[in-house]
Protein chains: 2
Amino acid sequence: MTQKRSASAEPPPQAEAYLQIGEVAERTGVTQRTLRFYEEKGLLKPPSRLEGGFRLYSEDDVKRVEQIKRLQTLLGFTLADIKEMVEAEEIKTQLHAEYRKDAEISERRAKIAKAIEVTERQVAVVDQKLASLGDMKASLEQKLAKYRGWVAQLDEKAAASSQ
Amino acid sequence: MTQKRSASAEPPPQAEAYLQIGEVAERTGVTQRTLRFYEEKGLLKPPSRLEGGFRLYSEDDVKRVEQIKRLQTLLGFTLADIKEMVEAEEIKTQLHAEYRKDAEISERRAKIAKAIEVTERQVAVVDQKLASLGDMKASLEQKLAKYRGWVAQLDEKAAASSQ
DNA sequence: AATAACCTTGACGTACGGGTTAGATTCTGG
DNA sequence: CCAGAATCTAACCCGTACGTCAAGGTTATT
């Protein structure tokens with residue numbers, strides 16, 4: 001019944017250096033609540049657990065959290081969007097999984113096609129945002145030039161009146 | 001007491017072709033509720049009104065709404081952020097306003113400096129997003145290439161086994 | 001075995017960005 | 001002058017993305 005500390009009931013075979021929720025929170029900058037929330041919403045796969053029930057995250061989980069945050073804060077996707085994206089990405093895991101028994105080739109094809117579709121949509125979104133951001137940058141710089149012109153004008157007037 | 005329709009109690013002197021809330025909503029693609037909400041939150045200056053109380057918007061108001069939407073959906077700014085931005089932009093109106101009586105030069109300077117500061121922060125944000133989006137696009141395209149490679153592999157296998 | 005530090009699952013609260021409904025008022029076309 | 005369309009304010013409701021306790025279980029240290 002009793003096991004040594006740090007021995008595990010569930011964690012995968014590979015001793016990969018697992019992290020508890022607090023460490024993951026600290027390293028990713030999100031709260032523990034957020035990590036549980038993402039799990040609840042299906043954005044993070046349920047991590048392995050220590051026998052007592054403590055969550056044990058892998059480095060891959062950390063990377064996924066960072067990716068989620070980038071997609072969310074930099075690109076403005078909703079968690080629902082992001083869920084679709086990470087799900088499409090799971091085909092890597094699924095395809096490299098044990099059922100490599102060459103059967104179901106058309107099934108594999110379908111999954112890859114789906115992943116390609118989702119990825120292409122993402123590229124389109126990114127392209128659109130890049131274009132809009134480019135426009136925006138140009139107009140912001142125009143504005144800056146205008147403001148600087150105004151300052152210059154004020155400088156001239158000041159110089160003139162102080163003469 | 002009674003006045004002809006389309007005569008106005010408040011609308012600015014210039015007869016510029018004013019729009020009621022429904023038309024603005026239709027043209028900008030936001031709801032009437034959203035327009036009132038933005039006004040409530042200080043994102044839109046209170047528009048002029050018809051004597052009965054109906055809002056009358058200008059073309060500038062329409063442009064501002066479109067800008068707000070771009071900032072929000074494309075760039076992911078919160079309405080609070082956007083409020084700060086549009087406030088900084090109001091200096092144009094303020095500076096070109098009637099009090100051109102050359103007094104308060106240092107005050108004008110300060111306002112322009114503030115606008116420049118805010119604009120520069122926006123440029124920095126835009127640059128950061130451009131960079132991140134660039135990275136993201138590169139990695140998405142790498143992924144696509146990988147997926148396409150997988151499909152090619154499956155094609156080969158299929159061709160071989162059908163021989 | 002006691003204690004601190006960490007973790008667990010609820011459950012409720014909150015800020016944001018609006019949607020919806022209701023009932024009254026106003027405008028416009030005939 | 002009046003019907004019907006458009007607008008008004010006010011109030012309440014909603015989904016998203018978490019924050020914040022509360023009450024207890026687990027792990028590491030002493």
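Quick note on labels: first sequence line is chain A, next is B, and so on, each numbered from 1. Because the structure is predicted, anything quoted here is derived from the model rather than measured.
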Handout entry: Minimum-distance nucleotide to A:Gln20 side chain [options: D:dC8, C:dC7, C:dT8]
Key = C:dC7
Completion exercise
Residue pairs passing the salt bridge (Lys or Arg N to Asp or Glu O under 4.0 Å) test with at least one member in residues 123-132 of chain A, sequence neighbours excluded, are A:Asp127-B:Lys137
Exercise for the section: Measure from CD on B:Glu39 to C1' on C:dG18 and round the result to the nearest Å. Expected result: 15 Å
Exercise for the section: Would you mind reading off the distance between A:Ile21 atom CD1 and D:dT27 atom P, rounded to a whole angstrom? Expected result: 15 Å
Handout entry: Between P of D:dT7 and CZ of B:Phe54, the distance in whole Å
Key = 7 Å
Exercise for the section: Measure from the side-chain heavy atoms of A:Arg36 and tell me the nearest of C:dT9, D:dT27, D:dT7. Expected result: C:dT9
Practice task
Ignoring hydrogens and angles, tell me if any N or O in the side chain of A:Thr28 forms a donor-acceptor pair with the backbone of A:Val62 under 3.5 Å.
Solution key: no
Problem - Whole-Å gap separating P (D:dT7) and OH (B:Tyr57) - result: 10 Å
Handout entry: side chain to side chain donor-acceptor pair (under 3.5 Å) against B:Glu84, all qualifying residues, sequence neighbours excluded
Key = B:Arg121
Exercise for the section: Provide, to the nearest angstrom, the distance between the CG atom belonging to B:Leu56 and the P atom belonging to D:dA6. Expected result: 16 Å
Exercise for the section: State whether the side chain of A:Asp81 and the backbone N or O of A:Thr78 hold a donor-acceptor pair below 3.5 Å, judged by distance alone. Expected result: yes
Practice task
Starting at atom CD of A:Glu23, determine the distance to atom P of D:dT27, rounded to an integer number of angstrom.
Solution key: 15 Å
Exercise for the section: Write down the distance between CG (B:Leu50) and P (D:dA5), rounded to a whole number of angstrom. Expected result: 20 Å
Practice task
Encode nucleotides 16-21 of chain D as B, S and - characters from 5' to 3', where the letter depends on protein heavy atoms closer than 4.0 Å: B to the base, S only to sugar-phosphate, - to neither.
Solution key: -BBBB-
Practice task
Return no unless some side-chain N or O of A:Arg55 is found under 4.0 Å from OP1 or OP2 of C:dC7.
Solution key: no
Fill in the blank from the handout: Ranking B:Gly22 and A:Gly52 by the position along DNA chain D of their nearest nucleotide, the one closer to 5' is B:Gly22
Practice task
Mind calculating the distance between CG (A:Leu19) and C1' (C:dC6) to the nearest angstrom?
Solution key: 15 Å
Practice task
Kindly work out whether a path of hydrophobic side-chain contacts (I/L/V/M/F/W/Y, heavy atoms less than 4.5 Å apart) joins B:Val125 to B:Leu133.
Solution key: yes
Handout entry: Joint cluster assignment, A:Val118 & A:Ile68, ILVMFWY side-chain distance < 4.5 Å
Key = no
Handout entry: Polar contact flag, side-chain donor to acceptor under 3.5 angstrom, A:Asp61-A:Ser58
Key = yes
